[in-house]
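Protein chains get the first letters and strands the later ones, always in sequence-line order, with residue 1 at the start of each.
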2 protein chains.
Amino acid sequence: MASASGVIVQSVNRALDILGCFKGQAIELGISEIPEKMELSKSTVYGLVNTRLTKGYLEQNPQTKRYRLGIKLFELGTLVYNRMDLRNEAKVFCEELGGKYNTTVHLAAHYGDEIVYIDKVDAPEAVIVYSQTGKCATMHCTGVGKVILAFLSEDELKQVFAKEDFKKYTEHTITDQEELYRELRRIHSRGYAVDNEEIETGLRCIAAPIFNYMNQPVAAISVSAPTVRLPLEQIEAIARDVQYYALQISQRLGYRS
Amino acid sequence: MASASGVIVQSVNRALDILGCFKGQAIELGISEIPEKMELSKSTVYGLVNTRLTKGYLEQNPQTKRYRLGIKLFELGTLVYNRMDLRNEAKVFCEELGGKYNTTVHLAAHYGDEIVYIDKVDAPEAVIVYSQTGKCATMHCTGVGKVILAFLSEDELKQVFAKEDFKKYTEHTITDQEELYRELRRIHSRGYAVDNEEIETGLRCIAAPIFNYMNQPVAAISVSAPTVRLPLEQIEAIARDVQYYALQISQRLGYRS
DNA sequence: TTATGTATTTCCATATAATGGATTATCTAT
DNA sequence: ATAGATAATCCATTATATGGAAATACATAA
């Protein structure tokens with residue numbers, strides 16, 4: 001994925017970059033705001049945008065003339081969602097795990113150089129549920145992120161480190177690269193990761209890796225809950241269980257230890 | 001949307017058509033199966049596919065070398081989903097309606113010349129739930145489809161009729177164009193549509209239209225349940241309630257009767 | 001192991017089609 | 001009515017996408 005080998009069609013590439021502009025805060029963009037974000041002339045952007053528009057990949061607000069991501073992306077997105085083998089295999093295990101500890105369970109997958117949440121099972125007693133599904137996990141301060149990093153090869157890890165900015169979310173967030181390396185080694189040796197209020201104060205999280213038949217860490221599951229419900233002294237016991245479920249899923253993917 | 005006005009960038013257009021090839025039964029396609037489905041040379045397709053590949057809009061199975069829709073579509077799809085104003089506005093009303101009659105409630109929106117299910121609230125007692133979300137509704141044999149058709153202008157209706165093939169799903173499916181016209185007039189005058197086992201035997205469904213501030217039928221909601229739970233003699237009463245909720249949503253969109 | 005067939009990937013010269021700059025049209029607000 | 005801002009259109013130029021052919025990779029069978 002990250003390997004930019006082979007033929008790249010410029011206009012298609014640019015059109016895809018334009019879609020990327022809509023991932024930020026701005027839900028709608030005017031036609032002249034897009035060239036500001038990328039080195040392109042307005043008329044070039046216009047052609048690209050207009051092409052996507054006619055196909056429903058972008059929509060235009062008839063009042064404001066501004067553009068936003070279109071329904072076709074939703075259609076294809078749900079297709080991808082429904083066809084995701086990993087998600088389908090993991091579903092029952094995630095539900096069982098969540099029910100056991102009354103925690104939210106996340107399933108995240110590793111694609112190229114990002115980790116994407118692909119499913120979530122809410123805690124039975126959950127009150128407010130805000131879905132991370134479809135979003136990218138930060139690598140350095142989430143359980144699923146760290147545990148996948150911990151099992152990557154040295155090369156892959158370097159590549160990820162080069163792109164990730166180690167933003168500080170809480171006072172527990174590990175922002176020092178050396179310290180993160182040590183943490184990853186620790187995670188690797190014990191087989192699970194703990195996010196101890198590193199992305200949000202008051203939230204703790206235990207994650208274990210999922211491997212495919214080639215022994216690659218293609219995904220991870222995690223249980224997360226307020227610190228009071230995941231007390232430090234219980235972590236090791238729960239982690240073993242998370243690892244157990246992760247192994248079940250791995251085996252469904254053809255993994256044999 | 002359907003208006004192919006303005007500049008169209010050929011390669012982008014073709015790249016989007018390629019994505020469309022993956023909407024059918026075939027989840028994965030080989031590079032040489034794609035040119036079969038569209039008038040293009042293999043190397044052209046290769047360039048287009050490869051470009052999408054590097055951006056994560058397509059993925060390649062390393063074993064089989066075959067392609068499938070990529071994670072980026074899922075990411076953007078969920079963005080679209082979360083940002084859909086209509087869905088956010090309608091949510092509470094759909095839930096209330098579903099709870100009241102213990103039925104599944106669907107919300108579908110009208111985009112260009114298709115009607116897409118954008119949300120679903122399961123019946124509280126539902127056992128098997130299979131989500132239509134993200135899929136297109138057939139226009140001639142679903143409640144939401146018919147009720148939106150019924151409020152389109154003559155021109156728009158003609159355009160839709162030209163594209164839709166009136167496939168017969170059950171013995172109740174209306175396949176005759178003239179008969180469908182009569183049905184649509186009936187729906188228009190009484191303000192709601194009934195799908196009486198027209199897409200699936202044993203399933204009945206009542207739908208009402210949602211209008212925007214320009215009085216256009218931009219969406220519809222429907223309640224659906226096994227025929228035994230929506231007996232014919234209760235339909236009119238329930239329909240009035242469905243219309244009521246639809247009106248609430250319409251007003252949220254700025255509609256003023 | 002070698003041969004054979006199938007599917008993918010790469011190469012390259014050519015002409016087409018995408019591009020950027022300039023112009024015009026369309027709104028919005030004053 | 002006017003100004004200002006933004007969107008849409010036009011068009012000549014050349015960079016770029018394209019199709020045909022060739023090469024590679026891979027799987028299956030001899």
Salt-bridge test for [X] and [Y]: reply yes if a basic N is under 4.0 Å from a carboxylate O, no otherwise.
X: A:Glu59; Y: A:Arg68; answer: no
X: A:Asp17; Y: B:Lys55; answer: yes
X: A:Lys163; Y: A:Glu114; answer: no

Gap between atom CD of B:Gln159 and atom CD of B:Glu164 - 0.5 Å precision: 13.0 Å
Spacing of CZ belonging to B:Phe22 relative to CG belonging to B:Leu73, to within rounding of 0.5 Å: 10.0 Å
Distance under 6.0 Å and angle within 45° of ring axis: B:Arg87 vs B:Tyr81: yes
Sugar-phosphate only, base, or nothing, as touched by B:Gln60 at under 4.0 Å among non-hydrogen atoms: sugar-phosphate
Under 4.0 angstrom between B:Tyr46 side-chain N/O and C:dT8 OP1 or OP2: no
Flag, side chain of A:Asn50 to backbone of B:Val7, donor-acceptor distance under 3.5 Å: yes
Interface polar pairs with nucleotides 15-19 of chain C, N/O, under 3.5 angstrom:
from: C:dA17; atom 1: OP1; to: B:Gln10; atom 2: OE1; distance (Å): 3.4
from: C:dA18; atom 1: OP1; to: B:Gln10; atom 2: N; distance (Å): 2.6
from: C:dA18; atom 1: OP1; to: B:Ser11; atom 2: N; distance (Å): 3.1
from: C:dA18; atom 1: OP2; to: B:Gln10; atom 2: N; distance (Å): 3.4
from: C:dT19; atom 1: OP1; to: A:Arg14; atom 2: NH1; distance (Å): 2.9

A:Glu33 or B:Val45, whichever maps to the more 5' nucleotide of DNA chain D: A:Glu33
Write out a two-atom table: protein N or O, nucleotide N or O from nucleotides 24-28 of chain D, distance below 3.5 Å.
none

Residue mapping more 5' on DNA chain C - nearest nucleotide basis, B:Tyr67 or A:Thr64: B:Tyr67
